[in-house]
Undergrad: 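Dropping the structure in here first, questions after.
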Amino acid sequence: MRLTVTTWNINSIRIRLPLIRQFLATCRPDILCLQEIKCRDAEFPWNEVRGLGFEHVEISGQKGYHGVAVLSRLPLATVEKGAFCRHGHARHIAVTLGADAGTAAGVTIHNFYVPAGGDVPDPALNPKFEHKLHFMDCMMAGPTRLRATRAVLVGDLNVAPLETDVWSHKALLSVVSHTPVEVDLFGRVQAAGPWVDAMREKFDPAEKLFTWWSYRSPDWESADKGRRLDHVWLSPDLRDNLEAITVHKEARGWEKPSDHVPVTAVLQL
DNA sequence: ATGGTTGTGGAACAA
């Protein structure tokens, strides 16, 4: 069977429902992982989301900020949330597909929203940056250490690791998301799985590849000062099951867009 | 070096 997984930082699910509908008109993933839903569980548009065809919905929400959700057409067996974050932010949810999910049964999907880290790239001066590093430390080696077998890890990881993951490597060396300390730690988190960078399996690492363009640039497309902050990682046993990756860049140009675009992985299981 | 925009919630904060 084919398993299709999309990750999308939606930047408020309540005002972005029309955009999700627009996306689903051309791409109908089995699993849609959302970040920055920005609502409490009770404020989540449950009925609308079920109306979109996702019968199985798990969310970790909080008031106003952050928040992650997994929307699934396939049955889920287990759900975990709340790990990795010292401050109790809603930044992670993991699901395992149920025994009745065909050959995808037992696959685990981690959905992450790693802290952005503020503006100053110095953990001694900026608590948000220190928290970002701590969060990644927990992903790598914490008590809730990830087990990378039959697993997919997606989300807004808020790090652009490669020189080609930013519009200008030189210009962004001291900009949070692309600093050497973050990139180094990001690499160690990836190696700890170990995890396969699925996007770079399909897109030449020598080519620029972005998933986010700031709102603060009205001419985002012509300026093209993007970054690859959103990621799809696979456990190594699933590397050969990866059929395709799509970066839905067109979504950045839709009406009232998120600043992030969806990324979709197709696995043949 | 600065400022540029968006969302929540109704000021200030996060991104």
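Per chain, numbering begins at 1; letters A, B, ... match sequence-line order. Note that the coordinates shown come from a computational prediction; the quantities given were computed from them, not determined experimentally.
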Undergrad: Let me know the distance between CZ of F44(A) and P of dT8(B), rounded to the nearest Å.
TA: 14 Å
Undergrad: OP1 or OP2 of dA15(B) versus the side-chain N and O atoms of H66(A): is any pair under 4.0 Å?
TA: yes
Undergrad: Any luck finding a side-chain donor-acceptor pair between S177(A) and E182(A) under 3.5 Å?
TA: no
Undergrad: With A160(A), which residues qualify under side-chain contact (heavy atoms from CB on, under 4.5 Å), at least two apart?
TA: D165(A), V166(A), H178(A), R227(A), L229(A)
Undergrad: Collect all protein-nucleotide pairs involving nucleotides 10-12 of chain B in which both atoms are nitrogen or oxygen and the distance is under 3.5 Å.
TA:
none

Undergrad: Can you check whether K256(A) has a side-chain N or O nearer than 4.0 Å to OP1 or OP2 of dG7(B)?
TA: yes
Undergrad: Looking only at non-hydrogen atoms, find the nearest pair between P236(A) and V196(A) and report the distance.
TA: CA-CG2, 3.9 Å
Undergrad: Rounded to whole Å, please give me the gap between CG in D259(A) and C1' in dA15(B).
TA: 7 Å
Undergrad: It should be established whether R40(A) places a side-chain nitrogen or oxygen under 4.0 Å from OP1 or OP2 of nucleotide dG9(B).
TA: no
Undergrad: Which sits closer to the 5' end of DNA chain B, Y215(A) or I37(A), going by the nucleotide each is nearest to?
TA: Y215(A)
Undergrad: Given D156(A), which partner from the list T211(A), N111(A), N9(A) fulfils the side-chain hydrogen bond (donor to acceptor under 3.5 Å, both in side chains) test?
TA: N9(A)
Undergrad: Return the minimal non-hydrogen interatomic distance between Q62(A) and A90(A), and the atom names on each side.
TA: OE1-N, 2.7 Å
Undergrad: Counting N and O atoms only, with roles assigned by atom type, does the side chain of E43(A) sit under 3.5 Å from a partner on the main chain of R40(A), one being a donor and the other an acceptor?
TA: yes
Undergrad: Respond yes when some side-chain nitrogen or oxygen of R91(A) is under 4.0 Å from OP1 or OP2 of dA14(B), and no when none is.
TA: no
Undergrad: Is it the case that K132(A) and N158(A) place a side-chain donor and acceptor less than 3.5 Å from each other?
TA: no
Undergrad: Can you give the donor-acceptor pairs under 3.5 Å from side chains of residues 18-27 of chain A to other protein atoms, not counting sequence neighbours?
TA:
unit_1 : atom_1 : unit_2 : atom_2 : d
T26(A) : OG1    : F23(A) : O      : 3.4

Undergrad: With nearest nucleotides of DNA chain B determined for D156(A) and I13(A) from heavy-atom distances, which residue corresponds to the more 5′ nucleotide?
TA: I13(A)
Undergrad: Might you point out which heavy atoms bring I59(A) and K81(A) nearest each other, and give the distance in Å?
TA: O-NZ, 2.7 Å
Undergrad: Return the residues of residues 217-230 of chain A meeting this criterion: a heavy atom under 4.0 Å from some atom of DNA chain B. Order them by number, or give none.
TA: none
Undergrad: Whole angstroms only, please: what is the NZ-C1' distance between K38(A) and dT6(B)?
TA: 7 Å
Undergrad: Who are the salt bridge (charged side-chain N to carboxylate O under 4.0 Å, His left out) partners of E130(A), not counting sequence neighbours?
TA: R86(A)
Undergrad: Let me know which of H66(A), H89(A), H92(A), H231(A) forms a ring-ring contact (aromatic ring centres under 6.0 Å, His included) with F112(A).
TA: H92(A)
Undergrad: Do any of residues 114-125 of chain A sit with a heavy atom less than 4.0 Å from DNA chain B, and if so which?
TA: A116(A)
